[in-house]
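See structure below.
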Amino acid sequence: MITLYSHNIGFEKITEILKKELPNATITTEKQEGSDVVHVELKGSLFKPGKKFRINYRQREQPSFELPMETTCPVATNLKGMLGFVSRFKATNEKVKDLLLHKIQTLNCEFSVLPEKGEVPEMKRLVQTIATNFDAVLFAQPDTIFSKADGYHFLDKELKLILDAAGNTEVNDLTVTIDPLYFDVAQDNLKPDQTERKKSTEEMLEANGVPFAKTLPCIVSEAECKLRSPKEIAQRAMVMSLTNLVAFGHVEGQEGIEFLQKRGLW
């Protein structure tokens, strides 16, 4: 079994890829305990047994580019656990680990590929095709056709090792893309100061060798911006800092809640 995670959502897109890649397969779908499931059966012959596998898909109740402090959503809860899990990984490349942690927070769906009958030689190619189309990261187990490490580890859409618990990696970068749909500021009818500020900021970052996501949208226009008071800024900085400490496993959730409650910030 291997599980793929993506910022991009769409169960229908998975079935479209399967129909294109396996035109002779019998493909059926159903809903099962909160998940969408697609069953794939490849017919056999007299000397060639048939093969079956399925893909279980589910997505966050509220797709976003960040994880909520509190949630009952199973996918978001799983991602928060993954965030803490990866934060404890060693890192020979801190940049890659940091990008993986940021990417986990943007993930909106998960889908597991589970063989059910016979070996499917097309599986590796098929998984890579889906991963490429979804810009996915893969959570791989040891001793499978996808394995790149002895323990649990993460692969990129090209099936290269992003990171394992020992800090090993085969990549020097990882793309973190965010759909503008999830931002509050609409990206149509932008004012000149918005686009000019974004351009000058990117030029400054490039000049100083600072990596950034070019897909990030413009923020609010200066004419519409309402500046916070120094007190509001200090309160927000404290809350956001504590949120990061909880997200990366340095502070327990209940401990963080009590800290904020005592200071009137909860």
Side-chain angles (χ1 to χ4, degrees), residues 5-8 64-67 69 79-80 82-108 132 134-137 153-158 160-164 166-251:
Y5 294 86
S6 176
H7 176 68
N8 305 308
S64 179
F65 60 95
E66 57 190 358
L67 291 173
M69 267 289 275
L79 292 172
K80 291 176 75 173
M82 183 187 295
L83 200 64
F85 178 60
V86 175
S87 69
R88 294 189 288 273
F89 277 20
K90 296 178 182 178
T92 54
N93 188 325
E94 289 289 348
K95 174 189 171 184
V96 169
K97 178 179 177 179
D98 188 54
L99 286 170
L100 177 58
L101 288 168
H102 278 82
K103 194 171 183 74
I104 289 171
Q105 296 182 67
T106 72
L107 301 175
N108 282 319
T132 300
F134 275 81
D135 187 28
V137 293
H153 53 287
F154 293 84
L155 308 177
D156 69 4
K157 61 186 177 183
E158 296 178 356
K160 293 180 180 179
L161 177 65
I162 300 174
L163 197 66
D164 66 7
N168 299 310
T169 181
E170 294 179 340
V171 300
N172 293 312
D173 204 353
L174 182 66
T175 302
V176 182
T177 303
I178 299 172
D179 192 326
L181 172 69
Y182 302 121
F183 286 90
D184 294 333
V185 180
Q187 296 302 292
D188 51 355
N189 300 320
L190 293 170
K191 293 181 173 62
D193 74 281
Q194 290 175 277
T195 55
E196 289 169 7
R197 185 168 62 251
K198 183 176 189 294
K199 180 182 177 183
S200 65
T201 299
E202 291 179 346
E203 289 174 349
M204 178 186 67
L205 293 171
E206 287 180 342
N208 287 277
V210 179
F212 63 95
K214 292 188 177 182
T215 53
L216 289 173
C218 293
I219 59 173
V220 68
S221 168
E222 290 179 15
E224 300 170 354
C225 180
K226 296 180 181 179
L227 296 178
R228 292 182 173 88
S229 69
K231 181 178 179 180
E232 289 173 324
I233 292 171
Q235 290 174 330
R236 184 174 177 83
M238 183 175 288
V239 172
M240 293 302 293
S241 297
L242 187 60
T243 302
N244 277 327
L245 288 172
V246 173
F248 289 103
H250 301 300
V251 174

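All values reported here derive from a predicted model rather than from experimental measurement. In this chain, numbering begins with 1 at the start of the sequence shown. Note: hydrogens, waters and symmetry copies are ignored here, and every other heavy atom, side chains too, is used.
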Test salt bridge (charged side-chain N to carboxylate O under 4.0 Å, His left out) applied to [X] - qualifying residues, sequence neighbours left out:
X	result
Glu94	none
Arg236	none
Glu224	Lys191
Lys160	Glu158

Working to the nearest 0.5 angstrom, can you tell me the gap between [X] [atom1] and [Y] [atom2]?
X	Y	atom1	atom2	result
Glu196	Leu190	CD	CG	11.5 Å
Phe89	Ile162	CZ	CD1	11.0 Å
His102	Ile178	NE2	CD1	9.0 Å
Asp156	Leu163	CG	CG	12.0 Å
Leu100	Leu83	CG	CG	9.0 Å
Leu107	Asn8	CG	CG	10.0 Å

Run the side chain to side chain donor-acceptor pair (under 3.5 Å) test against [X] and tell me which residues pass, sequence neighbours left out.
X	value
Asn93	none
Lys198	Glu202
Asp164	Asn168
Glu66	none

For a 4.5 angstrom cut-off between non-hydrogen side-chain atoms, does [X] reach [Y]?
X	Y	answer
Thr177	His7	no
Leu99	Lys95	yes
Glu170	Leu155	no

Ignoring hydrogens and geometry, is there a side-chain-to-backbone donor-acceptor pair from Thr92 to Gly167 under 3.5 Å?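 Indeed, once roles are kept as given, a pair shorter than 3.5 Å links the two residues.
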
Sidechain-backbone polar pair: Lys97 side chain, Ser87 backbone, donor-acceptor under 3.5 Å: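 Yes, Lys97 side chain to Ser87 backbone: donor-acceptor pair under 3.5 Å.
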
Looking at Ser221 and Asp193, what are the two nearest heavy atoms and their distance?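 Scanning both residues, the minimum pair turns out to be OG-OD1, 3.0 Å.
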
Atom of Lys157, atom of Thr132 and distance for their closest heavy-atom approach: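 Result for this residue pair: O-OG1, 3.7 Å.
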
Sorted by first residue and then second, give each salt bridge (Lys or Arg N to Asp or Glu O under 4.0 Å) pair with at least one member in residues 99-108; sequence neighbours left out.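 Residue pairs passing salt bridge (Lys or Arg N to Asp or Glu O under 4.0 Å), neighbours aside: Lys103-Asp135.
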
Sequence neighbours excluded, which residues qualify as ring pair (Phe, Tyr, Trp, His ring centres under 6.0 Å) partners of Phe212?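 Ring pair (Phe, Tyr, Trp, His ring centres under 6.0 Å) list for Phe212, sorted by chain: empty.
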
Apply ring pair (Phe, Tyr, Trp, His ring centres under 6.0 Å) to Tyr5 and list each qualifying residue two or more places apart in sequence or on a separate chain.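 Scan of Tyr5 (ring pair (Phe, Tyr, Trp, His ring centres under 6.0 Å), adjacent residues dropped) gives none.
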
If the condition is side-chain contact (heavy atoms from CB on, under 4.5 Å), which residues does Thr201 pass it with, not counting sequence neighbours?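 side-chain contact (heavy atoms from CB on, under 4.5 Å) list for Thr201, sorted by chain: Arg197, Leu205.
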
